[in-house]
Number of protein chains: 2
Amino acid sequence: MEDVKLLTCNEKIRAIHDTMDVLSGKWKVSIIACLCYKGMRYSELKREVNGISGKMLSRELKDLEINKLIERTVEHTKPVCVYYKITPYGASLKELTEVIATWGLKHREMITQ
Amino acid sequence: MEDVKLLTCNEKIRAIHDTMDVLSGKWKVSIIACLCYKGMRYSELKREVNGISGKMLSRELKDLEINKLIERTVEHTKPVCVYYKITPYGASLKELTEVIATWGLKHREMITQ
DNA sequence: CGGAATCCGCGCGGATACTG
DNA sequence: CAGTATCCGCGCGGATTCCG
């Protein structure tokens, strides 16, 4: 966490690009944050991540699963029930989601004052 | 910083959306991070933020200026010289850029191992 | 219920050329 | 030097419909 301050500007930019490649799009951070709270089903996730369409949710979830940030489990009931949960690796993004959320709160105060 | 842990899931998602609205696109975080190091001219910024096109740099800088995160100063020399620097408000994003960069480093280790 | 398939518009984003 | 203007393709992202 502290070693980042030893980076040159260029190294830091590269590191930021690496993160942004994984978290690109406007929904992934929200999905990660949700699943950091608790595992959820598809429909529950769609409700929590306010405003996302079904197609985008499927797409983003697939991306996140490929990158090993979340895990997908299918329960073969009728009708089927699909469960998503964060992986230990994905959970390493929790601090990031909190910093982003904290800044969002301050920003809202700022623009509404 | 700590109060974010008191948020409900929904409040946190809203806060994240608020941040993402300002930092959307794949370049803004990098630009902010750069200008947190030091003020820079347009051409210098274009070199540091690796891979960005001139059009996108102009566009992103305009967005960031509108949101009061950066400041633009024109020196009327010939040829003109335009200087960008972070505002105090924009500097409040520094922790965010560091957390993102730190995770990017860990992620690179992860995927290259 | 949890998607996949399809259609479609809009805007991102690159390349190039041009301007003060 | 620091942009703006133009062209253009691609993919985001919503809406709707269909499927197992």
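- Spacing between atom NZ of B:K78 and atom P of D:dG3 amounts to 19 Å, rounded to whole angstrom units.
- Note: CG (B:N50) to P (C:dG13) measures 16 Å, nearest angstrom.
- Rounded to a whole Å, the CG atom of A:L57 is 16 Å from the C1' atom of D:dA15.
- Residues A:T73 and A:K85 bring no donor and acceptor atom of their side chains to less than 3.5 Å of each other.
- Taking only side-chain nitrogens and oxygens, B:R59 comes nearer than 4.0 Å to OP1 or OP2 of C:dC12.
- Which of C:dG2, C:dC12, D:dG13 sits closest to the side chain of A:Y42 comes down to C:dG2.
- B:Y83 comes within contact range of no nucleotide atom at all, as no heavy-atom separation falls under 4.0 Å.
- Dashed line: the shortest gap from a side-chain N or O of A:S43 to OP1 or OP2 of C:dG2 is under 4.0 Å.
- Residues of residues 24-32 of chain A that place a heavy atom closer than 4.0 Å to DNA chain D, in numerical order, are A:K26, A:W27.
- When each of A:S58 and B:S53 is assigned the nucleotide of DNA chain C with its nearest heavy atom, A:S58 is the one assigned upstream, toward the 5' end.
- Atom-to-atom distance recorded for B:I31:CD1 and B:T97:OG1 is 13.0 Å, nearest 0.5 angstrom.
- Residue B:I52 contributes atom CD1, which lies 15 Å from atom C1' of C:dA15 at whole-angstrom precision.
- Comparing A:P79 and B:L61 along DNA chain D, the residue whose closest nucleotide (by nearest heavy atom) sits nearer the 5' end is B:L61.
- Counting to the nearest Å, the C1' atom of D:dC12 and the CE atom of B:M20 are 15 Å from each other.
- Side-chain contact between B:L61 and B:R72: absent, with no pair of heavy atoms (C-beta onward) separated by less than 4.5 Å.
- For the segment residues 66-77 of chain B, the set of residues with a heavy atom within less than 4.0 Å of an atom of DNA chain D comprises B:R72, in numerical order.
- At least one side-chain heavy atom of A:K12 sits under 4.5 Å from a side-chain heavy atom of B:Y37.
- Counted by atom type alone, A:K106 and B:S92 present zero donor-acceptor pairs between their side chains at under 3.5 Å.
- The distance between atom CD of A:E60 and atom P of C:dG3, rounded to the nearest whole Å, is 14 Å.
- Here A:K62 reaches the OP1 or OP2 of C:dA4: one of its side-chain N or O atoms lies under 4.0 Å away.
- When each of C:dC1, C:dG13, D:dG3 is scored by its nearest atom to the side-chain atoms of B:M56, the top-ranked nucleotide is C:dG13.
- Applying the salt bridge (charged side-chain N to carboxylate O under 4.0 Å, His left out) test to residues at least two apart or on different chains, the pairs with a partner in residues 14-30 of chain A are A:D18-B:R108, A:K28-A:E60, A:K28-A:D63.
- The separation between B:K46 atom NZ and D:dC1 atom C1' is 13 Å, rounded to whole Å.
- Residue pairs meeting the salt bridge (charged side-chain N to carboxylate O under 4.0 Å, His left out) criterion with at least one partner in residues 30-40 of chain A, sequence neighbours excluded, are A:K38-A:E44.
- Residues satisfying the salt bridge (charged side-chain N to carboxylate O under 4.0 Å, His left out) test with A:E11, not counting sequence neighbours, are none.
- A:H76 places a side-chain heavy atom less than 4.5 Å from the side chain of A:V74.
- The ring pair (Phe, Tyr, Trp, His ring centres under 6.0 Å) test applied to B:W27 returns A:H17, not counting sequence neighbours.
- The shortest distance between the side-chain N/O atoms of A:R41 and the OP1/OP2 oxygens of C:dG2 is below 4.0 Å.
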